Amino acid sequence: SGGSDNADGGDTGGEKSGEKSGEAAEGEPSGEQVLNITDSAEIPTMDPSLATDAVAFQWLGSTMDGLYRLGEDAELEPAIAKEHKVSEDALTWTFTLREDATWTNGDPVTAHDFVFAWQRAVNPETGSEYGPYMMNGVIKNAEAISSGEMPVEELGVKAVDDYTLEVQLEKPIPYFLSLTAFGTFLPLNQEFVEAQGDKFGLEANTILSNGPFKMTEWKHEEGWTLVKNEDYWDAEKVNLEKINVSVVKETSTRVNLYDSGEIDAAALSGEFVQQKAGSDELKVEEEPVLFYLKMNQQHEVLGNVNARKAIQMVINREDLVNVILANGSIPAVGDIPQNFVKHPETGEDFREINGPLIETNVEKAKELWAKALEEIGKDTVNLELLGGDSEVAKEMDAYLKAQLEQLEGLTVTVKPVPFKERLRLDTSMEYELQNAGWGPDYIDPNTFLNLWVTDGGNNKTGYSSEEYDALIEKANNEYATQPVKRFETFLEAEKMLIQEDAVIAPLYQRAVAKLWKPYVKGVITNPMGPDYTYKYAYIDKK
Amino acid sequence: MEKLLQVNNLKVSFDTYGGEVQAVRGVNFEVNKGETLAIVGESGSGKSVTTKALMRLIPQPPGRIKEGEILFEGKDLAKYSEKQMQKIRGKDISMIFQDPMTSLNPTMKIGNQIMEGLVKHQKMSKSQAKKRAIELMELVGLPDAANRVNQYPHQFSGGQRQRVVVAIALACNPKLLIADEPTTALDVTIQAQILELMKDIQKKTDSAIIFITHDLGVVANVADRVAVMYAGKIVEIGTVDEIFYNPKHPYTWGLLGSMPSLDSADDELYAIPGTPPDLLNPPKGDAFAARNEYAMKIDMEQEPPMFKVSDTHYAATWLLHENAPDIAPPPAIQRRMEKMSRDVQYQTKGDRP
Amino acid sequence: MSKEKLVEIKNLKQHFKTGRHSVVKAVDGLTFDIYKGETFGLVGESGCGKSTTGRTIIRLYDATDGEVIFGGENVHNKKNKADLKKFNREMQMIFQDPYASLNPRMKVEDIIAEGIDIHELVNSPQERKKRVHELLETVGLNKEHANRYPHEFSGGQRQRIGIARALAVKPSFIIADEPISALDVSIQAQVVNLMKQLQRENDLTYLFIAHDLSMVKYISDRIGVMYFGKLVELADADELYKHPMHPYTQSLLSAIPLPDPDYERNRVRKGYDPNQHDTSEEPEFREVRPNHWVLCTTKEMEHYKKEHATV
Amino acid sequence: MARYIFQRVLYMFLTLVLIATFSFFLMKMLPGTPLTMEDKLSETQKEIILEKYGLDDPVPIQYLKYMAGLAQGDLGISFQFDNREVTDIILSRIGPSMQLGAQALLIGTALGMLLGLISAIYHNGFLDYSSTFVAVIGKSIPSFIFAGLLQYYVGLKLGWFPVALWGTWEHTVLPTIALAMFPIAIAARFMRTEMLEVLGSDFIQTARAKGVNKFGVVFKHGVRNALIPLVTVMGPLAISLMTGTLVIEKIFAVPGIGEQFVISITTNDFPIIMGTTLFFSFFFVFIILVIDLLYGIIDPRIRLAEGEK
Amino acid sequence: MDNSKPSKDLFVPVDLKDSESERLTRPSLSFWQDSFNRLRKNFGAMAGIVVLLILILMAIFGPYMNKFDPYSQNLDHSFIPPKVPVLENIGWLGLDGVETAIIEGETVESAMTTVKLRMGPENAEFVETRVISEGGNGEPAKIEAKLDIYKAKNIETSYWFGTDSLGRDLWTRTWHGTRISLYIAFLAATIDMVIGVIYGGVSAYYGGRVDNYMQRVIEILVGIPNLVVVILMILIMDPGILSITIALTITGWISMARIIRGQVLKLKNQEFVLASQTLGAPDNRILKKHLIPNVTGLIVINTMFTIPSAIFFEAFLSFIGLGLPTPTASLGTLIDDGFNSLQTNPHVLIYPAIIISLIMVAFNVVADGLRDAFDPKMRE
Ligand SMILES: Nc1ncnc2c1ncn2[C@@H]1O[C@H](COP(=O)(O)OP(=O)(O)OP(=O)(O)O)[C@@H](O)[C@H]1O
Ligand SMILES: Nc1ncnc2c1ncn2[C@@H]1O[C@H](COP(=O)(O)OP(=O)(O)OP(=O)(O)O)[C@@H](O)[C@H]1O
Ligand SMILES: [Mg+2]
Ligand SMILES: [Mg+2]
């Protein structure tokens, strides 16, 4: 999920399972095909253009099909698109759509639905935040349209006929296909959407589905019910008859519900992982979501690279993941999570190749810090750390404070702020230190590394390096069609970012520990977009 | 005369933080059918406690009846269970309290409050009881009774409320009516009305009344016999004329002497000095001794027994002992005694000069 | 008795606003004089405005209308502090409730010395103490009591403390608002005797408010009878008892029980019906017999005169 | 009477207007906008979004518009739930909170009164001490601790009632109990002191002198009079239950308004914060009014005193 | 009747001194002494006072009673159960530093593996196990496992209340938190008291129009649910002890003001105040000598009730995430921390919960006791 700054615990990011479809092969659907699960928050909206958070994308993903969808092992599998062709210059993508897909109101799903949806997403009047964010610089003219300088019709997307969709890109985008599986790129039935007006996507009856499930009941804040969409083009592969979702926010409540058999899955916090250790129902799934300390370089001390390096080095990440998180999260030692992208040829993991870019060394950290203070000419420093608001945030903040304060002369004040307020402080760079996170919007190193280019929308550290900018630029333009070179450039960029310039202090790569009833099978976990794919899930209650 | 109630050696105590308060310390008296016995005495002398004990309404704890018999028509109420007492209360003995403002339930209709006893004791139906309630209200002189049964206490004036209280007490034609300062909270004119009302009704129903007050004027008005209480004991008891015109106990002298009479001369009132004793540890000897200007050595050491003055008149003071020196009562009392002998001589009635 | 007027009350009115539109006319046009050295008794049923009259005279309330002239000066015009202070020393009050009238948190010494402190009548703490001890003795208490708190005293003793407090500033006029009605019978005489004795010794003037008519008669030189905020009759004490004219007064007198069984056996109570009055004209306060004033119409006056011509 | 009610209602509205004003300007003092990703949006987009939320006007105009909307029951639209009307959100969330609050209030006061009665009747006896103890405990232990214990032991270990979630009446049992501890304590305390006072009063003596038995004395004469002061605290109690549900709602996963309120606070959803504040206030002044009227029903003295005006 | 004839020489008059009859026998007691005497006889209240004193002393000295400080972390020692020397020998207290768990498994062996995983493989040699049930017949096997963490981790010192997730000593943190909570509560109560007394006093004493307007203001303030106001105030102020305190007092003073007003209204028509007025006492004297001393009892009682509710409110705010910023410890934040591990590590929650409950109970009974002690109806 893009920009998941808040993805701090197993919470806001929805729930993840360690269930791999590998196990799916073992069983057979048997018994009542009903899945009872929880989510951690109410769905803000089911309008794909307006959706911004993980909960919304999760349930959009379950009820709708885009051009492609994420399958096992994050492989893209055809959905509404049967196949696609890419032009020589990699700028024109032509999708051939299947003809048997329909909306739940009986209308066929056509290329026009995509044109309408994408135009709607960048249309400034829609007020979409993700539309322009995902499409600007990707789809031709998106930027100009979203700033109102060009009519929406100019968007580089066109229905050649009912079942042929042609997309013009701004520049070659190697990962474009993975974008088409993202929620913002889902199709919309124009007639239906316009008929609902303001109410579109707000109630179960103001939603139109074309995916494996459809929402039949939506009790706000309490929960919702999805049932199998019998008209789905791939309906025979869908086993679950019903998914009942309840909103539960307390972990202990969730665990109690799970233990009492009322729900089939429960995400755990560290304390419960400990309690459930040894249970074969406990699954740990690592996610490509990275957490790090963001340091504002406009701050006199944090502008000093030695100071930043000291901060990188002083934190003990092992303790952090083992004791505080204790849910299978792993220490982060770079900007790219492990098991996220692989070398296009050797298939070696990005993380593996670059290895740990930082180490924990308190002595050295202290030296660097002393040096930094000397350079700046200060004895004591007070830094403000924006606190998080998740379940473990308090402990995490307390821990970071204690760790950082090992540096002589440093005092850290924790300032707890609501999530939205933190976003604002981030945007306006009115922070000194903050514990931030990032999850991929698409499967490509660019989604992480692109953040730190000069004036990047989510940079907000004040980091600006011509060299670094040049590397990213090169990877995305010059090497756009040369995967290996591109990959190597990214490797180089990460080293520069973390090792040389110490822009951020990576903390950990998140994992989610979750209890799954043994009879639930075939749930797929995704690294981006919707957290889970329930399309192939089934209940095996032999 | 037929004896209705006889109280023998009644003792009541309260257990408090400070210790045992001996509120009533051995009281003996009797009440005959149809007569009115007034009990006078200053605040805290045990008047209310005595009468509450008769009804067995002493809050328990902290209070308890320590000793004594309460023979009502020959049966000892002191030994009755709470259940048995509930049958007596309101039916054979009923009670009127001092303050008409607080002795009615503010949230219950007047009619219901009168009916309650009727339904309970006379086994009347609701409608019968209501009819009777209206009659009773008319009996005590409340106009427009049929409408007013449905009103609440606050819609009545003080005097009217006290009439309602009387009506409640009279509902079941009790044999004994105990009135604990029933007019103290009222204006003189209204007080006079209520007193008249009570006398009237007594004439009609022939019930006995124990009337508690500290107003000697009221006593003179209502009583046939008078008992004077001091510090938890009856110190003098006799007919109303005996007490008013031939008092023997110095405390009674004090009481009478401290009231100016309308025709008395302008001289100083007779005041009892000091304050009543603390019943937590009552003094040795005569409890009144410390305030008694005629006190003798023996008063400090020994409690005086009841000395008989006449068949109906007794007083507990050593002054009546044969060895006691002759003592002249205060002038105000002497005047009263003179008047008595004058009256006896002339047997005159009617207007006095 | 000298006939020097100490207090003149002229058409005194005290109306309380109790709601937006409702007004209680607690005192509604009182006119009477109090002579130096006398005791003026004020009687009437509960709520007729006796206390209000007393409190208005001593300026606890600002009068709605009318004047109170004390020693030749209008009390209610006094504005400056010094004048007020002087006035406060001249006129004092004794209250009804011996429990509510003493501050439970102050020692007796400080209660009695309050006036002394306010008016700075002594120069040293020793002198203050001495004065307090004197006052305690005057009211029949002793100096050990000075260090005690009010709740340790009986009702009669408290009332005497209240009197000592009033005496501390050596007033010439004392308003006693039902000073004995909350006391036990045996104690009442103590207080009344004390008041009489003090009057003799200090040449005091009293306004004695009560509803116990026998006591009022005993202590008062002249008596005013109040009914619903108005004075209905005013006369010398003996005269009033011998010749009550206003039907309300007659009713009141006939209702007082006396500690005399003989008398009580023969007592006839008179009722009072406010509607029995002649309504042909506004009643006025008229002198029916010398120094005997009654609220009546001319017609009624004739009638009263006739009835009480003898004696 | 009508006049009195009219006056009270007038006050009620005045209060609400002041609260609305107060909270409106308070909200304006808080940092934050409805935009999640401000800098990723173009100017045009920002404008359009701000316009949607009516944030493009100067503050005084915004205020007037808000008040005008308020008069028509329109509380604006939520920041976090795009396009959803605050009024709808509040109305859809209010049900569970109301139900829990009302149940806890009713059960709590009923039980508390019973405890208080027992205390008063067996004054200074074992039962008195025990029920006083229960009351003190109920008042002293935070409801969220109760909630956690109830959920774990009664819900999970004993399995008597559902652990959490919302739906059937069984789901309301545990949260209601957790929530009812406080009213139980308050009602028991009030009932005890008032009942003791009433039992010591003269009219109870009168009743006993009539031969009324203990039961009749307590229930026919005592309770109603002892109830009057209890009614006074019912108002604040009701509202504290309504707002107090928020922790309980979180623990038992109840879709109530309290929960929503807290979320709105942590997400800077001003329209909902405002709306909920106003709603709570409205509810509060309304309850106070109802309580005052209830007074009259219980206590005839008050009924008439006002009727005569 | 008495038959023994009293001797003749007793019948001689005695001379009673007048003063004799006015003698007061009981020792002189001021209102406060008197109240205190009554309070002393109230067992509950005295127990409450003792508990409070102990808690306050502990809040002051508790954090210094061992070598830990409330903030220092030791992740190695995370979630160590409590252990108290001496008391560790009393089994049911659970203060022996031993972690006990009952583990189920299909067979005894599988349960044993679970035990190992649960207790941590590295601690295996320190785990004592006892088979409760062998299982079979559809019944799971049950094993009771005991791990002496102190031995396993070779911890020399004892953590009396155990440690939290960051290995901070809970004894120190709990007493430190008690200190902060009490501080907030006392501060809030004091501010409430000052504002409430002044507002209520002025409103009642000046009466009339002033009173009318001041009461309207209160009426409106009362219409605002205080939770809402407190939360709004917290939102606009930076979180911290002072802002929480201020937020608590924003509406907290109202009840005090109302009570004081009622009392002063009653008092100012009391005859002793009138008496003072007739003596010419100026306003400030009446306030100082008559009104204030007579409302102090009420102020004390009301303050005693304010304190626990302030503590409670702080806990509540912490619980909904609006409390003090990390890592400050207050009872509220400690309970909030502990709540998450209620089922896994109950010791984190139990001690602060017990202490907050003790404080609440103690203040409530003491306040009740004071009310009885000050109540004039209870006198004599
Ligand atoms: N419930 C009680 N607890 C303790 N002492 C009590 C109780 N009731 C009465 N007493 C004590 O018993 C004594 C007698 O009281 P009682 O009420 O009989 O006096 P009384 O003569 O009726 O006075 P009054 O004229 O004031 O009504 C008093 O000293 C009083 O303090
Ligand atoms: N401050 C006040 N505000 C409104 N009404 C008042 C006030 N003070 C007295 N009243 C009313 O004025 C009337 C006269 O009261 P006042 O106290 O003077 O009567 P009283 O003759 O002294 O009665 P009592 O014998 O009961 O003392 C009563 O109806 C009373 O309710
Ligand atoms: Mg009595
Ligand atoms: Mg009066």
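Values in this document were obtained by computation on a predicted structure and should not be read as measured data. Each chain gets a letter, A, B and so on, in the order the sequences are listed, and its residues count up from 1.
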(message) Would you say CZ of B/F156 has more than 12 non-hydrogen atoms from neighbouring residues, nucleotides or ligands within 6.0 angstrom?
(response)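 Counting neighbours around CZ of B/F156, more than 12 heavy atoms of other residues, nucleotides or ligands fall under 6.0 Å, so yes.
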(message) I need the residue from B/S94, B/G90, B/S103 with the largest number of non-hydrogen atom pairs under 4.5 Å to chain D.
(response) B/S103
Sort [X] into side chain, backbone, both or neither according to what part of it lies under 4.5 angstrom from a heavy atom of chain D.
X: B/I93; answer: backbone
X: B/K83; answer: neither
X: B/I168; answer: side chain

(request) Considering only heavy atoms, give the residues of residues 199-221 of chain D separated from chain B by less than 4.5 Å, sorted numerically, with 'none' for an empty result. (result) D/D202, D/F203, D/Q205, D/T206, D/R208, D/A209, D/K210, D/G211, D/V212, D/N213, D/K214, D/K220, D/H221
(request) Output the residues of residues 185-195 of chain D for which the shortest heavy-atom distance to chain B is under 4.5 Å, in residue-number order; output 'none' if no such residue exists. (result)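 The residues closer than 4.5 Å to chain B amount to none at all.
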(message) Taking 4.5 Å as the heavy-atom cut-off, does anything in residues 105-134 of chain B contact chain D, and if so which residues?
(response)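 So far as heavy atoms go, B/N105, B/P106, B/T107, B/M108, B/Q113, B/E116, B/G117, B/K120, B/H121 are the residues that approach chain D to under 4.5 Å.
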(message) Using the side-chain hydrogen bond (donor to acceptor under 3.5 Å, both in side chains) criterion, which residues pair with D/S130? Sequence neighbours excluded.
(response) none
